[in-house]
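This report concerns only the one structure given below.
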Amino acid sequence: MFAIEVKELRKYFNEITAINNINLEIEKGEIIGIIGPDAAGKTTLLRLITGLLHPTSGNIFVNGINVFRNPKSIKENLGYMPQRFSLYGDLSVSENLKFFARLYGVKKKEFKLIRKELLDFSGLAPFENRLARNLSGGMQKKLALACNLFHSPEILLLDEPTTGIDPISRKEFWSLLSKLNRQGTTIVLTTPYMDEAQKCHRVGLMFEGKILDFNSPESIIRKIKDEVIELRTECPLREKPLSQLPYLKNMYHFGETLHLVFEPGKGAEYITKEFLEKQGIIPITIKRISPSFEDAFFSLVKRQ
């Protein structure tokens with residue numbers, strides 16, 4: 001039995017296709033990443049899995065239970081953290097935990113024990129009397145996660161949980177997710193960060209409501225046979241002249257460098273050097289590199 005099974009799922013909003021015939025099988029104990037540009041359908045997919053939205057067609061099963069026929073039956077198995085989780089800023093950390101414990105029907109005798117476990121787990125014990133609005137962004141994310149764990153859900157759905165927080169807080173948050181996963185929790189998250197996607201067991205590359213690929217990051221990268229050239233110059237390069245390069249399939253900025261993606265076996269590095277010489281441009285760096293996860297993602301999107 002799969003933790004989550006999505007079958008021929010479609011969702012239309014008037015004339016807009018948000019989800020276009022998605023099929024997914026997620027094993028228990030996996031960390032699954034869903035990445036894609038804005039409006040790719042990532043948030044809609046999570047909301048459909050939780051039962052907050054009803055599909056135009058198709059079905060979703062959580063632990064074998066049909067989400068749309070038995071919505072109440074899956075609640076005890078799921079925890080859902082939307083992009084903007086509604087903490088109560090005028091309540092302290094401890095008071096927020098108490099409020100959400102009541103929502104989940106936690107008994108008073110159990111509350112004290114679970115509360116202590118969650119405070120210790122999240123590292124928020126020293127701040128239990130601080131108002132939620134006075135917490136840093138990273139601490140607020142940890143508190144939001146803790147509020148979702150009172151009923152010990154088997155499956156956690158997280159919508160861009162680390163967006164807007166600093167790198168150290170992101171690292172700490174991922175440490176918490178890893179602990180939960182080691183305890184057997186299945187985690188499905190959306191993220192705009194490629195480095196986070198590479199920490200997942202499998203990744204769904206999403207674009208215009210479709211899953212372009214669903215595999216381990218390593219497997220997705222291995223499928224890319226194109227030649228990638230990393231180019232850096234003293235002056236910013238105009239992309240229009242470079243678009244005349246023969247056999248060029250794609251190009252995009254990557255930090256301070258420009259990645260040029262060529263058809264395989266065409267001598268991409270030599271072609272690029274020859275072109276730049278004719279333009280009178282001396283590069284700081286020009287070398288062939290192995291395709292990255294970002295290269296794989298952009299390559300798949302370009303095909304669409």
Side-chain angles (χ1 to χ4, degrees), residues 1-7 9 22-36 42-43 45-52 58-68 70-83 85 104 106 114 117-118 120-123 141-142 144-162 170-206 211-222 293 296:
M1 182 189 302
F2 295 107
I4 299 172
E5 188 174 8
V6 179
K7 291 186 175 182
L9 190 68
I22 286 180
N23 291 277
L24 290 175
E25 293 176 345
I26 297 172
E27 303 279 356
K28 293 183 178 182
E30 285 191 294
I31 300 180
I32 300 296
I34 305 294
I35 66 170
K42 304 184 298 294
T43 296
L45 178 59
L46 290 193
R47 289 177 177 172
L48 285 163
I49 293 173
T50 63
L52 292 173
N59 280 296
I60 298 175
F61 299 88
V62 172
N63 288 336
I65 299 171
N66 190 304
V67 170
F68 310 115
N70 303 283
K72 292 183 180 179
S73 300
I74 68 162
K75 286 185 178 179
E76 62 184 29
N77 294 322
L78 286 179
Y80 174 51
M81 182 174 154
Q83 288 184 38
F85 189 77
Y104 286 119
V106 177
I114 299 174
E117 289 176 350
L118 290 175
D120 291 341
F121 167 79
S122 61
K141 295 284 187 177
K142 291 177 187 177
L145 178 64
C147 289
N148 262 294
L149 298 177
F150 266 106
H151 61 309
S152 302
E154 297 177 29
I155 301 167
L156 267 179
L157 305 175
L158 310 173
D159 196 0
E160 297 194 3
T162 60
R170 281 176 59 198
K171 185 177 180 180
E172 291 173 347
F173 193 90
W174 266 93
S175 177
L176 296 180
L177 295 185
S178 296
K179 287 180 183 178
L180 287 169
N181 184 245
R182 287 195 297 271
Q183 294 168 8
T185 306
T186 303
I187 299 171
V188 181
L189 60 91
T190 66
T191 177
Y193 302 116
M194 297 289 181
D195 62 319
E196 289 191 353
Q198 289 186 266
K199 295 177 183 179
C200 300
H201 297 126
R202 289 192 291 165
V203 181
L205 304 183
M206 200 165 181
I211 297 290
L212 305 183
D213 203 344
F214 185 55
N215 218 316
S216 69
E218 297 78 15
S219 296
I220 291 172
I221 293 171
R222 283 197 298 268
F293 190 66

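Just so it is clear, the values below take in all heavy atoms, side chains as well, and ignore hydrogens, waters and symmetry mates.
- Across Ile35 and Lys42, no two heavy atoms sit closer than the pair C-CD, 3.8 Å.
- Rounded to the nearest 0.5 Å, atoms CZ (Phe2) and CD (Glu30) are 9.5 Å apart.
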>> Checking Ser175 against Ser178 for the side chain to side chain donor-acceptor pair (under 3.5 Å) test, could you report, in this order, the C-alpha distance in whole Å, the side-chain angles of both residues, the deciding distance, and whether it holds?
In response: CA-CA 5 Å; Ser175 177; Ser178 296; over 6 Å; no
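- A pairwise comparison of heavy atoms in Thr185 and Pro153 identifies CG2-O, 3.9 Å as the closest pair.
- Between the side chain of Ser122 and the main chain of Leu118, a donor-acceptor pair closer than 3.5 Å is present.
- Side-chain atoms of Leu46 and Thr50, non-hydrogen and from C-beta on, never get closer than 4.5 Å to each other.
- With hydrogens and angles disregarded, no donor-acceptor distance shorter than 3.5 Å links the side chain of His151 to the backbone of Asn77.
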> Would Leu149 and Leu156 satisfy side chain to side chain contact (heavy atoms under 4.5 Å, CB included), going step by step from the backbone distance to the final call?
Replying inline: CA-CA 9 Å; Leu149 298 177; Leu156 267 179; 3.9 Å; yes
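- Listed here is the closest heavy atom pair of Cys200 and Pro217: O-CD, 3.6 Å.
- Using a 4.5 Å heavy-atom threshold, the side chains of Thr186 and Glu154 count as separate.
- Taking 4.5 Å as the limit, every side-chain heavy atom of Val67 sits out of range of all side-chain heavy atoms of Phe61.
- The two residues Tyr80 and Pro82 have their closest heavy-atom pair at O-CD, 3.5 Å.
- In this structure, Leu9 CG and Leu45 CG are separated by 7.0 Å, a value rounded to the nearest 0.5 Å.
- You'll find the side chain of Met1 reaches within 4.5 Å of the side chain of Asn63, heavy atoms only.
- Summarising the local packing, NZ of Lys199 is surrounded by more than 12 heavy atoms from other residues, nucleotides or ligands at distances under 6.0 Å.
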> Ile155 and Leu157: side chain to side chain contact (heavy atoms under 4.5 Å, CB included), yes or no, with the steps?
Replying inline: CA-CA 7 Å; Ile155 301 167; Leu157 305 175; 4.1 Å; yes
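- In terms of heavy atoms, Glu196 sits closest to Thr191 at OE1-OG1, 2.8 Å.
- Looking at Gln83 and Thr43, their side chains come closer than 4.5 Å, going by heavy atoms from C-beta outward.
- Asp213 is linked by a side chain to side chain donor-acceptor pair (under 3.5 Å) to Lys223, counting only residues two or more places apart in sequence or in another chain.
- Contacts of Phe68 classified as ring-ring contact (aromatic ring centres under 6.0 Å, His included), with partners at least two apart in sequence or in another chain: His54.
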> Are Val203 and Phe214 close enough, and set up right, to give a side chain to side chain contact (heavy atoms under 4.5 Å, CB included), and what steps lead you there?
Replying inline: CA-CA 5 Å; Val203 181; Phe214 185 55; 6.0 Å; no
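- Under the side chain to side chain donor-acceptor pair (under 3.5 Å) criterion, Glu160 pairs with Thr163, sequence neighbours left out.
- With values rounded to the nearest 0.5 angstrom, Ile74 atom CD1 is found 9.5 Å from Ile49 atom CD1.
- In this structure, the separation between CG on Leu205 and CD1 on Ile34 is 9.0 Å, given to the nearest 0.5 Å.
- Between the His201 side chain and the Ile31 main chain, a donor and an acceptor come within less than 3.5 Å of each other.
- When all heavy atoms of Tyr104 and Cys147 are compared, the closest pair comes out as CE1-O, 3.2 Å.
- The local environment of NZ in Lys171 is sparse, with at most 12 non-hydrogen atoms from other residues, nucleotides or ligands closer than 6.0 Å.
- Atom-to-atom distance recorded for Asn181:CG and Leu176:CG is 12.5 Å, nearest 0.5 angstrom.
- Summarising the local packing, CD of Glu117 is surrounded by more than 12 heavy atoms from other residues, nucleotides or ligands at distances under 6.0 Å.
- Using a 4.0 Å cut-off between charged side-chain N and carboxylate O, Glu172 and Arg170 make no salt bridge.
- Inter-residue side-chain proximity for Phe121 and Leu180 is flagged as met; some heavy-atom pair is nearer than 4.5 Å.
- Considering CD1 of Ile4 and CG of Leu24, their distance stands at 9.0 Å, rounded to 0.5 Å.
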> Going through the checks in order, is the side chain to side chain contact (heavy atoms under 4.5 Å, CB included) test met by Lys141 and Met81?
Replying inline: CA-CA 9 Å; Lys141 295 284 187 177; Met81 182 174 154; 3.9 Å; yes
